[in-house]
Amino acid sequence: MKKILVISFIAVALFSCSPYQKALKSEDVAVKFDQATLQYEKGKYNKAIRLFEQLAPSYRGKPQAEQMFYQFSQAYYKTEQYYLAGYQFENFASSYPKSDKLEEASFLGAKCYSKLSPVYSLDQTDTFKAITKLQAFIDQFPDSQNMAEANAVLKILTDKVEKKVFENAKQYNTISDYKSALIALDLFIDEFPGTKYKEEALYYKLDSSYNLAINSVTTKMQERLLNAKTAYAVLMKFNEQTKYKAQADEMLAKIDSQLQQYTK
């Protein structure tokens with residue numbers, strides 16, 4: 001037991017006197033920088049980060065600041081601390097616009113926000129920020145070797161936004177707020193004219209128009225039935241063999257039946 005305690009004491013003593021621990025306690029920024037760089041190069045990013053955090057406030061303007069802040073950004077990125085990495089990459093890009101690392105920092109900074117993008121049903125603030133950053137990167141570096149990945153990530157993000165807008169519009173139909181559904185679905189189709197959800201959107205426009213019409217007061221029913229019939233025609237024009245054809249035809253039959261009372 002005594003031997004174990006002695007060994008433990010020696011281990012603690014050695015650890016406390018390691019170059020890394022000395023650097024953490026040192027007031028010499030050069031010592032901190034050298035040890036931070038060593039830890040970074042060894043892939044010990046969390047250790048490097050502790051030293052970079054100590055260096056950052058007083059290191060701006062120094063000859064090796066560009067290297068330090070680049071490694072600081074990368075260390076956060078490699079430890080998947082994407083909020084902090086994105087912030088550091090942004091600062092790096094604005095502080096060192098002539099750096100040969102500018103393109104990479106701009107790309108990784110944008111990519112950080114894409115990593116933070118949540119599922120489509122949640123708030124998409126980080127998604128929109130990532131889209132803005134990626135588009136800025138694409139515009140600034142059109143010949144970048146990262147262009148293929150940037151475009152692929154951008155498509156994933158824009159698809160997510162498209163799905164969120166569509167699901168929000170469709171939700172009005174689900175809760176029987178048919179007037180709001182029609183407005184939201186029209187806005188969705190206008191904003192995303194080539195959307196893969198267009199057929200579904202047109203069907204929910206028909207369904208909303210139909211339900212709004214048959215539940216209308218008498219003075220508004222004829223106009224709304226005609227609007228619903230138009231919605232049917234638009235859906236059929238888009239895809240005559242739509243997967244919603246059975247439901248759409250059933251609604252059309254009821255619309256025509258209701259409209260007969262206005263032809264007498």
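Note: hydrogens, waters and symmetry copies are ignored here, and every other heavy atom, side chains too, is used. Here the structure is a predicted model, which is why all the values come from computation and not from measurement.
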Could you go through Y172 and Y178, starting from their C-alpha distance and side-chain angles, then the distance that decides it, and tell me whether this counts as ring-ring contact (aromatic ring centres under 6.0 Å, His included)? CA-CA 6 Å; Y172 287 114; Y178 300 118; over 10 Å; no
Non-hydrogen atoms of Q261 and M221 that approach each other most closely: NE2-SD, 4.2 Å
Sorted by chain and residue number, the ring pair (Phe, Tyr, Trp, His ring centres under 6.0 Å) partners of Y203 (sequence neighbours excluded) come out as Y244
Checking Y197 now: which residues fulfil ring pair (Phe, Tyr, Trp, His ring centres under 6.0 Å) with it, not counting sequence neighbours? F166
Determine, for Y20 and K47, whether the Lys NZ or Arg CZ falls below 6.0 Å from the six-membered ring centre while staying within 45 degrees of the axis. yes
Any ion pair linking K111 and E149 (charged N to carboxylate O, less than 4.0 Å)? yes
Just checking, is any N or O donor in the side chain of E104 or Q74 under 3.5 Å from an acceptor N or O on the other one? yes
Residue pairs passing the ring-ring contact (aromatic ring centres under 6.0 Å, His included) test where at least one lies in residues 103-134, sequence neighbours excluded: F107-F137
Work out which heavy atom in S99 is nearest to a heavy atom in E66; give both atom names and the distance. OG-OE2, 2.7 Å
Would you mind reporting whether F89 and C112 have side-chain heavy atoms less than 4.5 Å apart? yes
Using atom types as modelled, flag every donor-acceptor pair under 3.5 Å from a side chain in residues 140-147 to any protein atom, sequence neighbours excluded.
unit_1, atom_1, unit_2, atom_2, d
S144, OG, E103, OE2, 2.5
S144, OG, N146, N, 2.9

Is the side chain of K115 donor-acceptor paired with the backbone N or O of E80 at a distance under 3.5 Å, no angle test? no
D249: partners by salt bridge (charged side-chain N to carboxylate O under 4.0 Å, His left out), with sequence neighbours left out: K245
Please step through side-chain hydrogen bond (donor to acceptor under 3.5 Å, both in side chains) for the pair D177 and S180, ending with a clear verdict. CA-CA 6 Å; D177 185 354; S180 296; 2.9 Å; yes
Find out whether F69 and N91 are in side-chain contact, i.e. whether some heavy atom of one side chain is under 4.5 Å from a heavy atom of the other. no
Quick one: does K160's side chain have a donor or acceptor within less than 3.5 Å of a partner on T127's backbone? no
Dump the intermediate steps for side chain to side chain contact (heavy atoms under 4.5 Å, CB included) on K205 and I189, then the final yes or no. CA-CA 10 Å; K205 271 198 68 178; I189 293 169; 4.1 Å; yes
Could you work out the complete set of other residues in the hydrophobic cluster of V119, with links drawn between I, L, V, M, F, W and Y side chains under 4.5 Å apart? L122
S209 and N227: side chain donor to acceptor below 3.5 Å: no
Step by step, would you call T158 with V161 a side chain to side chain contact (heavy atoms under 4.5 Å, CB included)? CA-CA 5 Å; T158 53; V161 171; 5.6 Å; no
Those residues that, when tested against Y45, pass ring pair (Phe, Tyr, Trp, His ring centres under 6.0 Å) (two or more places apart): Y40
Only counting residues at least two apart or in another chain, list the ones meeting salt bridge (charged side-chain N to carboxylate O under 4.0 Å, His left out) with E167. K163, K170
Check K164 against S121 and note the closest heavy-atom contact, atom names and distance. NZ-O, 3.4 Å
Any residue meeting salt bridge (charged side-chain N to carboxylate O under 4.0 Å, His left out) with K229, in chain and number order, not counting sequence neighbours: D256
Selection residues 129-142 - residue pairs positive for salt bridge (Lys or Arg N to Asp or Glu O under 4.0 Å), sequence neighbours left out: E90-K133
Modelled atom types, side-chain donor and acceptor of T125 and D123, under 3.5 Å: yes
Around atom OH of Y232, are there more than 12 heavy atoms from other residues, nucleotides or ligands closer than 6.0 Å? yes
Full working for ring-ring contact (aromatic ring centres under 6.0 Å, His included) between F188 and F192: CA-CA 6 Å; F188 170 74; F192 303 97; 5.3 Å; yes
Partners of D159 by salt bridge (charged side-chain N to carboxylate O under 4.0 Å, His left out), sequence neighbours excluded? K155
Donor-acceptor pair, T37 side chain versus F33 backbone, under 3.5 Å? yes
Looking at every heavy atom in both A110 and A130, which two are closest together, and how far apart are they? O-CB, 4.1 Å
Taking all non-hydrogen atoms of both residues into account, name the closest pair between S73 and A85 and its distance. O-CB, 4.0 Å
Atom CD of Q64: over 12 foreign heavy atoms under 6.0 Å: yes
With sequence neighbours left out, the residues meeting side chain to side chain contact (heavy atoms under 4.5 Å, CB included) with A36 are L51, F52, L55
Considering all heavy atoms, the nearest L235-A248 contact: CD2-CB, 4.1 Å
Is the count of non-hydrogen atoms from other residues, nucleotides or ligands lying under 6.0 Å from Q247 atom CD greater than 12? yes
